[in-house]
Amino acid sequence: HTELGRLIATVKQRATTAKGRAKKEIEAAAATAEQAKEKIRVALSAIHEGESDDKDLNKGVKEDEKSIEHLKKFLKK
């Protein structure tokens with residue numbers, strides 16, 4: 001979750017210098033990653049409150065991991 005937050009910040013910073021299609025793609029990737037981060041935050045909160053199960057958390061973790069890999073690809077370009 002922390003790694004994703006750092007990657008989102010890095011990608012957003014790079015978006016400020018990108019132009020055209022690249023900027024739009026970077027912004028879209030950051031938005032998707034932020035949504036995944038929020039989902040995992042909600043799932044973790046629900047588990048802490050006893051309102052969720054491991055299935056919800058596993059789904060959120062998978063989305064979080066996909067977002068991390070997606071952002072890392074953008075940073076390599």
Please report the interatomic distance CZ(Arg6) to OG1(Thr10), rounded to the nearest 0.5 Å.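 Rounded to the nearest 0.5 Å, the CZ-OG1 separation comes to 9.0 Å.
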Spatial distance of atom CD1 (Ile26) from atom CZ (Arg21) [nearest 0.5 Å]: 12.0 Å
Checking Lys12 now: which residues fulfil side chain to side chain contact (heavy atoms under 4.5 Å, CB included) with it, not counting sequence neighbours?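 Ile8, Ala30, Glu34.
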Where [X] and [Y] come nearest, the two heavy atoms and their spacing:
| X | Y | value |
| --- | --- | --- |
| Ser67 | Ala33 | OG-CA, 3.7 Å |
| Gly5 | Lys37 | CA-NZ, 3.7 Å |
| Ala18 | Lys23 | O-CD, 3.5 Å |

4.5 Å side-chain heavy-atom contact, Lys72 and Glu3: yes
When you check the gap from the basic side-chain N to the acidic O, do Lys24 and Glu27 get nearer than 4.0 Å? no
Report the C-alpha separation of Leu71 and Leu4 in whole Å, then their side-chain angles, then the decisive distance to 0.1 Å, and conclude whether the side chain to side chain contact (heavy atoms under 4.5 Å, CB included) test is met. CA-CA 8 Å; Leu71 291 178; Leu4 183 56; 3.8 Å; yes
